[in-house]
Amino acid sequence: MHSMHSHEGLLIGEHFLLGDYAAAEGAIMAGCRFFAGYPITPATEVAERMSTRLPQVGGIYIQMEDELASMNAILGASWSGAKSMTSTSGPGFSLMMENLGLGIMLETPCVLVNVQRGGPSTGLPTLVGQQDMMQARWGSHGDYEIIALSPNSPQELFDLTIRAFNLAEKFRTPVLVMTDAEVGHMTERVIIPPPEEIELVQRPLVRKGDVEPDHFRIFRDPETGDDGQVAPMAVAGEGFRFHITGLTHDERGYPAMNAEASEWNIKRLVKKIRLHRDEIIQVEERYLRDAEIVVVSYGISARTSLWPIEQARKEGIRIGYLRLITVWPFPAEQIKALAKKIRAFVVPEINAGQILLEVERCAAGQAQVIGVNRLGGDILEPQQVLSALRAAAGKPDTTKADKC
Amino acid sequence: MADFDITDAGQFEHFGTESVGDSDWITGQHPMDGLLRGERLPHIWCQGCGLGTALTTFIGALQWLEAEQGWDLDKVSVVSGIGCTGRIAGYVRLDSFHTTHGRAIPFATGLKLANPELKVVVMSGDGDIAGIGGNHFIHAARRNLDITVICVNNFNYGMTGGQVGPTTPHGAKAVTTQYGNFEYPFNLPYLAAASGASFLARWTVIHARRLEWTLREAMMYPGYSFVEVIAPCSTSYARWNPEGRGLDPEKLRRRGLELMKHYQNIGKVAHGTHPKDAAIKVDKEGAIVEIVEGVFSNEPKPDFQSAIDEQAQVARERWQAAKKMLNERSQIPQRTDIIFRTEVQLGGFGGQGIVSAGRIIGQAAAIYDKLEACFTQSYGPEARGGAAGSQVVIASDPIHHPHLIEPTNAIIMSQEAYTKYVPKMATGATLLIDDGLVTLSPDQRQDLKTYGISATQIAEELGNSRAANTVMLGLWTAIIGAVSKSAMQQSVAKAVPPKTVEVNLSAFEAGFKKGLRYQVNNTL
Ligand code: SF4
């Protein structure tokens, strides 16, 4: 199965779509033709949509026996040349961590959508959380860099799922779409442009005849010989007879059990993301120019902060807004630069303060960092965020706010 | 027979050093050179290990398939998990994948499904396939996906030094069962059979030729095929157990050979044996005394891929039908007036179409009136016990907060929903009720503007009680005015089953008319 398809079966136009469905449609538009998953609230609707839609576009949907298998199956499919995806929520995300690591180590393009719910453990199956943000960064063992995107609406679930595939293909790595129960279970207008207007990235690929199998190195660019960059991938069945392993390996993919190999191997995984941070990081900025307090948030919490921000600005508080569309890699440079100019960061999120830690790290004591937290189960109340903004500005929290 | 002391455990080197490929052992002299990664030799396996023979038979079978069946070996992929056997993937010159512990089968599943042209072989050990990967093993058998699973069973976790595993015989010793294994092992072919596998075989490596023949058959078999290969683990397993005792611990090669000889003596070739009768027999001490071998089953049944292909045909037909409906959507001019944030609460009981009514409003606003609209429904405990709730926020401006803060109006179709939602409504909000189902409480809030309609009764009179929600929508459209009538009509027509479009539009009209009358005559 290869990346070229007809446009038959693609949904286009304006639709009133559930967020989870929008993720599925985004994937299909991006060329995803393989989905493996396991039912879990609130991500099940992604799988349900894929199960009806993929066979309509010549793709394969399979429900695996668990999330360990789901993650592995999408890696296998990717090595057969398919763009592949899975979706899950907290408990399943934990199970996928093992083979997310394999995907990173094997430099395998694929996409994992996490519709976050409240945790830990079984937690709040039907209710929202943003508690897996640090797990997204560090959840699999070992050193690596990861790409994670955070949509704030069904439209963005569509758009960012496409972007996730593009980044996965370009950097040969699993990409996470870190949405949540609120956005996944919300229905809004989603505008789907015709496929000709959507830019798709295909992985760098070596096909039969491009290079002598004997000279082929699965982790080295045959043209530049550069082994620290994204190397063209081969897929199974093309005659390259390559080997890949989750063990530390050399440029041929062969196990290499020593410190130098580990240095080489991990540097690759880290460098290919770090060197392209500017390209990967996407943020939305509002009112930053005159801001003395900046709200740093992402996903649904960023969205629900907009009303309190506008309200606070009406009250004369100079609040800016920095929404992390890409959460990982973290826009550290921008936060560091802001920290020098402003009084405080306010970080609303539905957890006990996870991205807050990153903001604190970057602020490095130069600006105050204030968390506004709800510990899962519901989105942040606008009033709670407004109070925090007023407090950050040293204003009394007594003014009655307009209706939002 | 002297017992071994646990303190001996570290005495042996369990595997050799990793070759990183500076040497090339391929001489061109050996008939199997072409399928080995010479640069990775020598391999890490111990002297006397059965894995070399397992690999040799596998390569022999591949060569035969290439020569006699015209197989293109570029199309064969080998997937393995972790462990001594797992290293096979690294030595065979095919596309080969050394995955995580236990996960070779699901990786192979993705590989095969995404490219059915490939022949995919999983080769891994007993701990990998039946221990940590046991769940994947049975599910792949159940699906009957066309892959071959070769499990090399040496009765223990060899690579980590000989711990007990899911196939260690009862009573046998391992590093972690120095008093004898108190668990019972799997009979792997029986497990595979119970899970739905229909090609089942077992050989010890001493029967190398017959094993090779069986591997050919297994790989040609259209569906899930399972071959168990019993191989000596000369280093780890044999040292603790009667089969290997008395042999010089320094002479591993000899120990391996002795074990092979032992397997030859106790092997009993019996093709067609029912897998339930194929359990490996041991004596009181856990010493293996009989291994039934042969091809136990070879009866093809419809494989997974054909089922998928058949369904794809149905799915494509369904898409064609759906596409026709999508193309039929008409457009209405965009609104120019400003709608301030309108929060609609819908409540009733399951089956009344509370959720779909909310979605119809949202869709009318967002798609046909080009307003912003955000629809959510209650999930989980809140939605249990027969109660149903859904919410819509409508506005001209972007909706930052997707939840209702203070509902500006509500459609209420059950007494329970009335009790639950009315207290939360905004001051001066508008309440629409099915007055056949909801009785206003004596201390009803005075600030609310309340309008009633016998929605369920009207729908019944129209011949479809399920259209009651549409009656309410008609009323809502006339009274609230946040969404245009034509947008609502189109949204209703798109949302309800095609056969019920007419009755639903009549129901909508009935509600709408009543709403217009209310507009003239004031409230209830
Ligand atoms: S299975 Fe046993 S004999 Fe074979 S390599 Fe592993 S430890 Fe050595």
Side-chain angles (χ1 to χ4, degrees), chain A residues 1 9 13-16 33-34 36 42 52 55-56 58 60 62 64-66 68-69 72-77 79-82 84 98-99 102 125-127 182 185-189 236-247 250 252 254-257 303-304 306-307 379 382 403-404, chain B residues 18 20-21 37 39-40 74-75 77 79 89-90 93-100 102-103 105-115 117-118 135-136 139 308 311-312 314-316 318-319 326 329 341 359 362-363 366-367 372-377 379-381 398 400-403 405-406:
Chain A
M1 185 186 307
E14 292 184 20
H15 301 274
F16 197 55
R33 292 297 178 270
F34 185 91
T52 40
Q56 297 177 337
I60 298 280
I62 184 169
M64 296 301 286
E65 50 275 16
D66 56 32
L68 297 157
N72 255 286
I74 69 166
L75 298 180
W79 281 97
S80 265
S84 60
E98 175 195 68
N99 298 293
L102 181 66
T126 59
L127 300 176
E182 195 59 42
H185 272 174
M186 162 195 300
T187 305
E188 288 189 322
R189 177 176 50 236
E238 296 271 307
F240 291 101
R241 303 209 181 176
F242 59 84
H243 177 67
I244 50 169
T245 173
L247 287 166
D250 61 19
R252 288 167 299 184
Y254 290 174
M257 304 289 99
R303 174 170 165 169
T304 56
L306 277 170
W307 177 81
I379 55 179
K403 285 228 166 138
C404 75
Chain B
E18 193 85 45
V20 293
R37 294 183 190 274
E39 65 276 25
R40 293 221 56 225
D74 284 351
K75 298 284 180 207
S77 282
V79 187
R93 193 176 289 288
L94 293 172
D95 289 332
S96 54
F97 303 86
H98 184 226
T99 65
T100 39
R103 318 290 169 230
I105 291 176
F107 191 101
T109 302
L111 199 64
K112 173 73 185 176
L113 282 174
N115 184 0
E117 261 185 33
L118 297 177
N135 198 32
H136 311 310
H139 283 276
I308 287 181
Q311 288 205 350
V314 182
R316 278 191 291 269
R318 240 197 247 174
W319 167 255
L326 288 172
R329 175 184 297 168
R341 186 176 170 104
R359 193 182 291 111
Q363 177 172 261
I367 304 299
E372 299 296 328
C374 180
F375 164 75
T376 50
Q377 71 184 82
Y379 282 88
H400 301 322
H401 200 81
H403 284 190
I405 294 166
E406 280 188 321

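Just so we're on the same page: letters track the sequence lines, and every chain starts at 1.
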Original post:
Are any of the side-chain heavy atoms of Arg93(B) and His243(A) separated by less than 4.5 Å?
Top reply: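 They are not in contact (no side-chain heavy atoms under 4.5 Å apart), so the answer is no.
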
Original post:
Between Phe97(B) and Phe242(A), does the ring centroid distance fall short of 6.0 Å?
Top reply: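 Judged by ring-centre distance (under 6.0 Å), Phe97(B) and Phe242(A) do meet the cut-off.
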
Less than 4.5 Å to any heavy atom of chain A: does that hold for the side chain of [X], its backbone, both, or neither?
{"X": "Thr100(B)", "value": "both"}
{"X": "Ala108(B)", "value": "neither"}
{"X": "Leu94(B)", "value": "both"}

Original post:
Arg359(B): what forms a salt bridge (charged side-chain N to carboxylate O under 4.0 Å, His left out) with it, not counting sequence neighbours?
Top reply: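 Salt bridge (charged side-chain N to carboxylate O under 4.0 Å, His left out) check on Arg359(B) returns nothing, list empty.
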
Options [options], ranked by heavy-atom pairs under 4.5 Å with chain B, top entry:
{"options": "Ile244(A), Leu306(A), Ile62(A)", "answer": "Ile244(A)"}
{"options": "Thr52(A), Ile74(A), Leu68(A)", "answer": "Leu68(A)"}
{"options": "Pro125(A), Ala36(A), Gly239(A), Ser84(A)", "answer": "Gly239(A)"}
{"options": "Ala69(A), Gly237(A), Gly246(A), Pro55(A)", "answer": "Gly237(A)"}

Relative to chain A, which of [options] shows the most heavy atom pairs under 4.5 Å?
{"options": "Ile308(B), Val314(B), Thr109(B), Leu111(B)", "result": "Leu111(B)"}
{"options": "Pro398(B), Gly362(B), Gly90(B), Ala312(B)", "result": "Gly362(B)"}
{"options": "Thr99(B), Val79(B), Asn135(B), Ile105(B)", "result": "Asn135(B)"}

**OP:** Look at Glu406(B) together with Arg341(B) and state whether they make a salt bridge at an N to O cut-off of under 4.0 Å.
**Re:**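 No, this pair does not count.
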
Original post:
So what's closer than 4.5 Å to chain B heavy atoms on Leu75(A): side chain, backbone, both or neither?
Top reply: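 Contact with chain B: backbone and side chain both.
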
Original post:
Going from NZ on Lys112(B) to CD1 on Ile60(A), what distance comes out if it is rounded to the nearest 0.5 angstrom?
Top reply: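 These two atoms lie 11.0 Å from each other.
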
Original post:
Which distance, rounded to the nearest 0.5 Å, do you find between the CZ of Arg318(B) and the CZ of Arg316(B)?
Top reply: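 CZ of Arg316(B) is found 13.5 Å from CZ of Arg318(B).
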
Subject >> Modelled atom types, side-chain donor and acceptor of His403(B) and Glu182(A), under 3.5 Å >> reply: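 Side-chain D/A pair, His403(B) to Glu182(A): present.
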
Original post:
Glu117(B): what forms a side-chain contact (heavy atoms from CB on, under 4.5 Å) with it, not counting sequence neighbours?
Top reply: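 Glu117(B) satisfies side-chain contact (heavy atoms from CB on, under 4.5 Å) with Lys75(B), Asn115(B) only.
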
